[in-house]
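Just so it is clear: chains get the letters A, B, ... in the order the sequence lines come, proteins before strands, and each one is counted from 1.
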Amino acid sequence: MSEKITREEVRHVATLARLELMEAEESRMTRHLNQVLAYMEKLNELDTSDVPATTHAIELKNVFRPDEVIPSLDRAKALNNAPQSDGASFVVPKVI
Amino acid sequence: MDLCGLTIHQLRELLTQKAVSAAEVTSAYLQRIQSIDSKLHSYLEVFAKEALKQARDFDEGKRDFNLSPIAGIPIAVKDVLCMRGVRTTCGSRILENYVPPYDGTVIEALRNAGAVFVGKTNLDEFAMGSSTENSAYCQTRNPWDLDRVPGGSSGGSAAAVAANLCAGAIGTDTGGSIRQPASFCGVVGLKPTYGRVSRFGLVAFASSLDQIGPITKDVKDAALLLQILAGYDRRDSTSVQSPVPPYGERLEESIKGLRLGIPREYFVEGMDPEVAEAVEKSIRICGELGAEIIEVSLPHTEYGVAAYYIIAPAEASSNLARYDGVKYGLRTPDCRDLLTMYRTSRSRGFGPEVKRRIMLGTYVLSAGYYDAYYRKASQVRTLIRKDFLEAFQRCDALLTPVSPIPAFKVGEKSEDPLQMYLSDAFTLPASLAGVPGISVPCGFTSQGLPIGLQILGPHFREDLILRIAHQFQQATPECRRTPPLNEDP
């Protein structure tokens, strides 16, 4: 079976996904993804060149609502679950 | 009297007659949970004190519940639904200490209807799995055989209902997560039409597929719970405005003259022969009840697994980007920069299956692969959806097995993700098409494992599949059994 995704690609995808994989995890992930992606080949049995894509099973038009101000979560509650906050905002490690 | 063995509507009767108090009912369930759940691990958290208080409030008439059918009755909730003030973990380490500051819409609706919340049930991490083996906290066991899985991802809810550890439960279904555990545990599970129930306050897995629905001891209970869950909600723009019919009203109506389709693609090589036999017998019973049975074809069924396991992980990879250690959830302390904090927090917080799906989803959406995978799968989704629309031109509803196999052993498939994915082959297509489906017990294997019949209906025809399921259940009392679990002395 030809490889669909190499170990280097797995490492790259992990970076895109903001994940960090340990050595052993990386080789297991490569094996599992190859297995699953090889199975996905099945879809190529179908000619879909004239088929539109479905992103939503129920046909809905754009849903609009009036632009009204309604009460929302207050700040203290919104910050309550933060790993770190200063009472006014979320605190994160230095960005710049 | 064995209060825990009763259905919601039976308990309702007793409460109305004042033959029993809600506090007695809740105490009975709490006691049973205490003596049995150490074997099953269906609950992640039990709200003993709060539940008793809610029950007493009901008994003392502190609030008028307007004849709500579930007032004072103990309900369990899958731990992926936000409930104000109590932990909502999604079975994940990354949300171990997350306490939502609000109720999801269905929780609010149940609360307003007077439900007694007895606890939060176990699940596969972020509802990703078919066995509840992916929970970061514990392994729920199947009440019919403790060596086997309860199915998943709503395995905790299904096991709790089957073992009489609650009167009814709420689950969620993205690709079969209500229907499959219901069938593995021998109870009723309903996945509504996409958009029928608001997803506000449901922690998102795959937003174009996720639906909330009931898991219950009988079909009548499923109808009355759905009545409370269903409806438009301005907080979920994908919830649908169409009116909610009275689901309980026509349950007793005969299915005589209905045309039921049997899709030949659901009866394939490799299916467990006892499952096939039980489902074929169920089809004959529906025929004897007066339904006309016809063969139909859903030609793209075999592509469901591949399409689903591209679309759902793609949506998941996007939805789960929010777990970054900033607003809530786990954060690795003392990171030198933001990117390191994101990566280490996520890597420690997520389990292997969730990482696998995030990776798969990120890959199929990434530059160069989007057309080959995500776009292709979305086109195949169109074909699968069309299969259903065409089949429903010829028949009123479809009868199929829920799963090709009965409950499997703990550990049997956990090292082989593809085998696990393939076991969902019969529930995924309906999810991709957005049509409603119900799982109803239809027999047992020679080893005593439950088998489920799946009834699928056209969009927004929950009333119809509930009626067929109820009529089937009335005709097959031998299929409704209670697992032989003994309470510890």
Side-chain angles (χ1 to χ4, degrees), chain A residues 4-5 9-10 12-22 25 28-30 32-33 35-46 48-60 62-65 70 73-74 76-85 90-96, chain B residues 97-99 101-102 193-195 208 234 237-238 240 300 302-303 305-307 309-310 317 321 324-331 335-339 341-344 346-347 350 352 355-356 358-360 362-363 366 373 375-383 385 417-418 421 432-434 459:
Chain A
K4 304 238 70 157
I5 182 168
E9 285 175 296
V10 166
H12 173 65
V13 174
T15 307
L16 292 177
R18 301 291 180 258
L19 289 171
E20 203 169 52
L21 303 177
M22 303 290 116
E25 244 183 327
R28 257 166 62 99
M29 187 69 81
T30 310
H32 284 154
L33 289 186
Q35 215 179 22
V36 173
L37 290 170
Y39 177 77
M40 303 308 186
E41 281 295 299
K42 197 173 168 49
L43 295 182
N44 294 326
E45 293 169 11
L46 295 170
T48 52
S49 40
D50 296 326
V51 180
T54 293
T55 49
H56 201 284
I58 305 297
E59 280 159 35
L60 276 182
N62 276 342
V63 179
F64 295 107
R65 58 172 171 76
I70 53 167
L73 210 55
D74 72 60
K77 277 186 181 165
L79 289 170
N80 226 357
N81 279 291
Q84 205 185 340
S85 82
F90 299 106
V91 175
V92 294
K94 202 169 172 186
V95 179
I96 307 170
Chain B
N97 297 307
Y98 175 61
V99 178
Y102 65 98
T193 307
Y194 181 82
S208 82
R234 67 196 298 270
S237 59
T238 61
V240 173
H300 299 93
E302 61 175 305
Y303 302 98
V305 175
Y309 278 99
I310 290 170
S317 72
D324 55 5
V326 175
K327 302 175 293 303
Y328 34 65
L330 186 85
R331 173 192 292 197
C335 288
R336 61 183 188 280
D337 59 60
L338 197 60
L339 194 59
M341 185 197 89
Y342 289 160
R343 295 187 70 177
T344 53
R346 288 165 63 78
S347 300
F350 292 137
K355 284 183 192 168
R356 195 147 48 225
I358 291 174
M359 290 287 291
L360 189 57
T362 306
Y363 179 76
S366 65
Y373 291 103
R375 198 179 133 74
K376 182 83 185 179
S378 305
Q379 290 171 314
V380 173
R381 186 175 185 182
T382 304
L383 299 175
R385 186 173 178 273
L418 185 58
Y421 299 170
L432 290 167
H459 292 130

- Most heavy-atom pairs under 4.5 angstrom with chain A, which of Leu330(B), Val240(B), Leu383(B), Asn97(B)? Leu383(B)

- Query: Can you tell which of Ile5(A), Leu73(A), Thr54(A), Asn80(A) has the highest number of heavy-atom pairs within less than 4.5 Å of chain B?
  - Reply: Thr54(A)

- Item | 4.5 Å side-chain heavy-atom contact, Leu360(B) and Leu37(A) | yes

- Decide, yes or no, whether a salt bridge links Glu20(A) with Lys355(B) under the criterion of side-chain N to carboxylate O below 4.0 Å. no

- Message: Donor-acceptor pair, distance only, cut-off 3.5 Å: does the side chain of Ser208(B) make one with the backbone of His56(A)?
- Response: no

- Message: Donor-acceptor check, side chain of Lys77(A) to backbone of Tyr102(B), threshold 3.5 angstrom: yes or no?
- Response: no

- Between the side chain of Arg346(B) and the main-chain N/O of Ala17(A), is any donor-acceptor distance below 3.5 Å? yes

- Message: Within the 4.5 Å heavy-atom criterion, are Leu46(A) and His300(B) side-chain neighbours or not?
- Response: yes

- Is there side-chain contact between Ile70(A) and Arg234(B), with at least one heavy-atom pair below 4.5 Å? yes

- Message: Quick check for you: among Ser347(B), Cys335(B), Gly195(B), which has the greatest number of heavy-atom pairs under 4.5 Å with chain A?
- Response: Ser347(B)

- Do Leu43(A) and Gln379(B) come within less than 4.5 Å of each other through their side chains, counting heavy atoms only? no

- Task: Answer with side chain, backbone, both or neither: which region of Val95(A) has an atom nearer than 4.5 Å to a non-hydrogen atom of chain B?
- Result: side chain

- Validation row: Lys94(A), Arg336(B) side chains within 4.5 angstrom (heavy atoms): no

- Side-chain contact test, heavy atoms from C-beta onward, threshold under 4.5 Å: evaluate it for Lys327(B) versus Leu79(A) and give yes or no. no

- Message: For the residue pair Tyr363(B) / Glu9(A), report whether a side-chain donor-acceptor contact shorter than 3.5 Å exists.
- Response: no

- Query: Between Leu19(A) and Arg343(B), is any pair of side-chain heavy atoms under 4.5 Å apart?
  - Reply: no

- In terms of heavy-atom pairs under 4.5 Å with chain A, which of Leu432(B), Val305(B), Ile358(B) leads? Val305(B)

